[in-house]
Chemist: 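This is the structure, below, for whatever I ask next.
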Amino acid sequence: MERLEVKKLNHHFGFTEILRGINFTLDKGEVLSIVGPSGGGKTTLLHLCAGLLDVQEGSVTNTFKSSAFAFQEARLLPWKNVIDNISMSLLANGEKKSEALKKSQEIALRFGLEEDYFEKFPKDLSGGMKQRVSFARALVLKPSLLFLDEPFSALDIGLKKELQTVLIEMISKKELSILFITHDLMEAIRLSDEMLLLKADPGHIVKKFRFDLIQNQRDDKYVYGKSAEILQDEEIISTFELELK
Amino acid sequence: MKFALKILKDFPSYLWSGWGAVASILLFIALWDVGNQVYGDLVLPSPLETFKTLVLMLHDDAVIAEIETTLYRASMGFGFSLILGSALGLLAGFFATASMMSRPIVTILVGMPPIAWIVLAMIWFGMGDETVIFTVIVASFPIIFVGALQGTRTLDGELKEMAESFNFPWHMRFFDVYFPHIFSYVFPAWVSGLGMAWKIVIMAELLATSNGIGASLAVARSQLDTPTALSIVVIMIASLMFIEYIILEPIKREVELWRD
């Protein structure tokens, strides 16, 4: 069984304690979100899970066959055109060049990047287009686990919904597991099976929420209703410092 | 290979875009002729006379030999700066301490007038190739060194992290992530280093040697032979323009297509 297991994870930067006693498990086909205020250690936690930072105390066990990462900013190579940027991830995994280009073109079209865009450099793309390329680069690998670092935060609502729909489609088919961090509760409610609330100073998990309705049946009413309900929660109020004045 | 072909393919359209430059050069030559009509042949020979002298000089084996000597010195000095400057600059860029320590040294090298280096080199090496080559190195090395240093210092940490998250193998990290960035800094530094080397070689030759075009310029001065002096200037400028606009600029354009 593929799974990501985090046990008793602590982390320090110098003398500052960033994370304390983090425990959770992500099973295959599940979507786990971590919400919390900015500066609460969310990115550090994600980087530890993805192996971009070394674990100091505790353990992170990742038995997923493959994983990919999509960042908050697109992080494209400015000297590569759209298709070459997408195919980078495949080439890094030992795919043949011709095959990688073919797959990249297919996925680019699926993400709404028409052929006119294939040869363009990142400097000629809008922010939304760049983010599509970044998603395509991560998903072209067909990863079994996807790490997302607030990937929708810089997008307009239309594009946000479009990319989320693609993800929900993959989630519903149980093709993909996702670990993602966000400060947007509605985003978490729309996409995740389980949501962890990370409180700052130092980052620790104060509450877990589960959403049992499958993602492709969650309509706006469900998302708004749940958001309203969760916003009444004591822990949410104190974590996000929502006290009414 | 594909890259070289693309440069060749775009070359005719690049050349065609040069008419504006040609027009401005012709205008400059016209002004030069006006100058000749005002001040007379001794002060400023006419363009026609200069070009006639130039053609005669280019048919003279002795002159060709002088040009070859100068080319040899310039390319030795520049080649040495290129290799040493790029290598040391890259190396220094990877270590914070080394880049901090090298900055004042570079300031000293850049700030010291080349003429002072020539005097020192004449004392150290005497009158000959070594003096000229040494001066060229001292003048163009810091430019290339700083370019390479900046290239490595400004590598994007976010792209490094991206490469790590996708497990890029080392050769992809180098060729696809680091190299294009560093090259976009080093290449312009090479171009300015080359321009510097070409100017300094003439100056060093004029003062410190008895052969090369710099020395020919000194001879022309002592004989008040203005047409020859101007022809030498034309040779110097024409060769620099050829290297810069016909060889380097098309490469630079292709390399920097991705830039804003």
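Small disclaimer: the values here were computed from a predicted structure and weren't measured. Chain A is the first sequence line, chain B the second, and so forth, proteins listed ahead of strands; every chain is numbered from 1.
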Chemist: Under a 4.0 Å threshold between the charged nitrogen and the carboxylate oxygen, would A/Glu106 count as salt-bridged to A/Arg110?
Modeler: no
Chemist: Any residues in residues 162-186 of chain B near chain A, with a heavy-atom distance under 4.5 Å, and which are they?
Modeler: B/Met162, B/Glu164, B/Ser165, B/Phe166, B/Asn167, B/Phe168, B/Pro169, B/Met172, B/Asp176, B/Val177, B/Pro180, B/His181
Chemist: Which one wins on heavy-atom pair count under 4.5 Å against chain B: A/Pro143, A/Ala92, A/Ser67?
Modeler: A/Ala92
Chemist: Is A/Phe71 close to chain B through its backbone or its side chain, or both, or neither, when contacts mean heavy atoms under 4.5 Å?
Modeler: side chain
Chemist: Answer with yes or no whether the side chains of A/His183 and A/Glu150 bring together a donor and an acceptor at under 3.5 Å.
Modeler: yes
Chemist: Return the CG to CZ distance between B/Leu71 and B/Arg73, rounded to the nearest 0.5 Å.
Modeler: 11.0 Å
Chemist: Given heavy-atom pairs under 4.5 angstrom as the criterion, report whether the side chain, backbone, both or neither of A/Asp84 touches chain B.
Modeler: neither
Chemist: Can you find a heavy atom in the side chain of B/Pro188 that is under 4.5 Å from one in the side chain of B/Glu256?
Modeler: yes
Chemist: If only side-chain N and O atoms count, and only distance matters, is there a donor-acceptor pair under 3.5 Å linking A/Ser33 with A/Glu194?
Modeler: no
Chemist: A/Lys120 versus chain B, heavy atoms under 4.5 Å apart: side chain, backbone, both or neither?
Modeler: neither
Chemist: Quick check on the interface: out of A/Glu73, A/Met88, A/Lys80, who has the most heavy-atom pairs with chain B under 4.5 Å?
Modeler: A/Met88
Chemist: Is the shortest side-chain N to carboxylate O distance from A/Glu57 to A/Lys8 below 4.0 Å?
Modeler: no
Chemist: What part of A/Leu141 is in contact with chain B, defined as an atom under 4.5 angstrom from a non-hydrogen atom: side chain, backbone, both or neither?
Modeler: side chain
Chemist: Of A/Glu2, A/Lys28, A/Lys65, which meets side-chain hydrogen bond (donor to acceptor under 3.5 Å, both in side chains) against A/Ser144?
Modeler: A/Glu2
Chemist: Can you tell me how far OG1 of B/Thr135 sits from CE of B/Met203, rounded to the nearest 0.5 angstrom?
Modeler: 8.0 Å
Chemist: Hey, are A/Glu187 and A/Thr182 close enough side-chain-wise for a donor-acceptor pair under 3.5 Å?
Modeler: yes
